[in-house]
J.: 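Have a look at this one before I ask anything.
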Amino acid sequence: MLTATELLYEGKAKKVYATTDPRVVIVDFKDDATAFNGEKKGQIAGKGEVNAAITTRLMTYLEAHGIPTHFREQLDARRLVVSHLQMVPLEVVVRNRVAGSLEKRLGLAEGTVLDEPVIELYYKNDALGDPLLNDDHIRVLQAASPAVVTQLKQQARDINRLLQNFFEERGLILVDFKLEFGIQEHALVLGDEISPDTCRLWDKETLQKMDKDRFRRDLGGVEDAYQEVLKRVMS
Ligand code: UDP
């Protein structure tokens, strides 16, 4: 029987525990929500369970389509067993439409369709506020080798195509999302989560926001939106 031992890390939305097996860790999804670099804090009732279930479904789908992920099994409603990865300290953002920080950076209207996906790499560093990096910055920081950066971007494009199709079939537009990767036995593996906390998802018909922007912008109906995404993802 696999059991959690010590708490390795507590983030804004998840706790990670070591286990009796050094090759795996247990991820516990919390209801806590934060935005704007932790300045806004709150709770989204049921979010832990929703995000654990959605991550399980999406990682399983990606694995079935040839993407290596850290997912191993769902332990219970809020906890997943995942491979213990050496994390790359980068957040990989993929964008199909303009929203959020890209809207501010480029001054383009929210919702503008991008002909080709835009990929951005951010440095995972709370003290610096997770800055956007170019390839030279990554080299200076030695955050990842040029080969890993190339591979990260290719994986992100492949995952984007798969997820866009998956959500499209369920009446959702994948506006943008964030991925994190790790290394396991010299191979790049998708880690972290994929959920309405880390994706912008809009209803295809109404363009209604069905993700964490409802919390960020106090739009109301946050719990209902997360439950609706869960329902569609499971269908
Ligand atoms: N994102 C995330 N974690 C972060 C930053 C961004 O999951 O620390 C996701 C976010 O939910 C959105 C995408 O990455 O789906 C792009 O986010 P953006 O750069 O627009 O930042 P935001 O304005 O949302 O903070």
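Bear in mind that the values here come from a model prediction, so they are computed numbers and not experimental data. Just follow the structure's listing: the first ligand is 1, and inside any ligand the first atom is 1.
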J.: Are Arg95 and ligand 1 in contact, using a heavy-atom cut-off of under 4.0 Å?
T.: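 Right, Arg95 reaches ligand 1.
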
J.: Evaluating non-hydrogen atoms only, which member of Arg216, Arg105, Lys124, Lys178 is closest to atom 10 (C) of ligand 1?
T.: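 Answer by nearest heavy atom: Arg216.
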
J.: Go through the side-chain N and O atoms of Glu63 and Thr69 and say whether any donor and acceptor fall under 3.5 Å apart.
T.: yes

J.: Looking only at side-chain N and O atoms, does Asn37 offer a donor or acceptor that is under 3.5 Å from a partner on Asp130?
T.: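 The answer is no; no qualifying pair exists.
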
J.: Is Cys199 touching ligand 1 with its side chain, its backbone, both, or neither, if touching means heavy atoms under 4.0 Å apart?
T.: backbone

J.: Answer yes or no: does an N/O atom from Arg200 fall short of 3.5 Å to an N/O atom of ligand 1?
T.: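 In this structure, Arg200 places an N or O atom under 3.5 Å from an N or O of ligand 1.
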
J.: One thing to verify: whether Lys30 and Asp197 come together as a salt bridge, which I'm taking to mean a side-chain N less than 4.0 angstrom from a carboxylate O.
T.: no

J.: Which one of Leu132, Asp213, Asp176 has a non-hydrogen atom at the shortest distance from atom 13 (C) of ligand 1?
T.: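 Looking at heavy atoms only, the winner is Asp176.
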
J.: Please state which part of Glu91 comes within less than 4.0 Å of ligand 1, counting heavy atoms only: side chain, backbone, both or neither.
T.: side chain

J.: Closer than 3.5 angstrom, by distance alone: can the side chain of Arg200 be matched with the main-chain N or O of Asp213 as a donor-acceptor pair?
T.: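 Checking the backbone N and O of Asp213 against the side chain of Arg200, no donor-acceptor pair under 3.5 Å is found.
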
J.: Should Arg78 and Asp28 count as an ion pair when the cut-off is N to O under 4.0 Å?
T.: yes

J.: Quick check on the hydrophobic clustering: are Val229 and Leu162 connected, directly or via other members, by side-chain heavy-atom contacts under 4.5 Å?
T.: yes

J.: Are any of the side-chain heavy atoms of Gln154 and Gln151 separated by less than 4.5 Å?
T.: no

J.: If we only count heavy atoms from C-beta on, is the His84 to Arg23 side-chain gap below 4.5 Å?
T.: no

J.: Could you list which atoms of ligand 1 come closer than 4.0 Å to a heavy atom of Tyr122?
T.: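 Heavy-atom distances to Tyr122 below 4.0 Å select 19 (O).
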
J.: Just heavy atoms, cut-off under 4.0 Å: does Val93 contact ligand 1 by side chain, backbone, both, or neither?
T.: side chain

J.: Out of all atoms in ligand 1, which are within 4.0 Å of some heavy atom of Gly100? Include the element for each.
T.: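 What qualifies from ligand 1 is 20 (O), 23 (O).
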
J.: Heavy-atom distances under 4.0 Å are what count here, so tell me which part of Phe36 touches ligand 1: side chain, backbone, both or neither.
T.: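 Neither part.
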
J.: Decide yes or no for Leu58 and Phe167: does some side-chain heavy atom of the first lie under 4.5 Å from some side-chain heavy atom of the second?
T.: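 Contact flag for Leu58/Phe167 side chains = yes.
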
J.: Using a 4.0 Å heavy-atom cut-off, say whether Lys212 meets ligand 1 through its side chain, its backbone, both or neither.
T.: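 For Lys212, there is no contact with ligand 1 at all, from either part.
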
J.: Answer with side chain, backbone, both or neither: which part of Glu103 has a heavy atom less than 4.0 angstrom from an atom of ligand 1?
T.: neither

J.: Do protein heavy atoms approach atom 16 (C) of ligand 1 to less than 4.0 Å?
T.: yes

J.: Would you check, one step at a time, whether the test side-chain hydrogen bond (donor to acceptor under 3.5 Å, both in side chains) holds for Glu169 with Asn165?
T.: CA-CA 6 Å; Glu169 285 170 2; Asn165 287 340; over 6 Å; no

J.: Applying a 4.0 Å heavy-atom criterion (strictly less than), which segment of Asp197 is in contact with ligand 1: side chain, backbone, both, or neither?
T.: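 It is the backbone that gets close, since no side chain atom is under 4.0 Å.
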
J.: So which protein heavy atom does atom 23 (O) of ligand 1 come closest to, and at what separation?
T.: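 Of the protein heavy atoms, Ser101 N, 3.4 Å lies nearest.
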
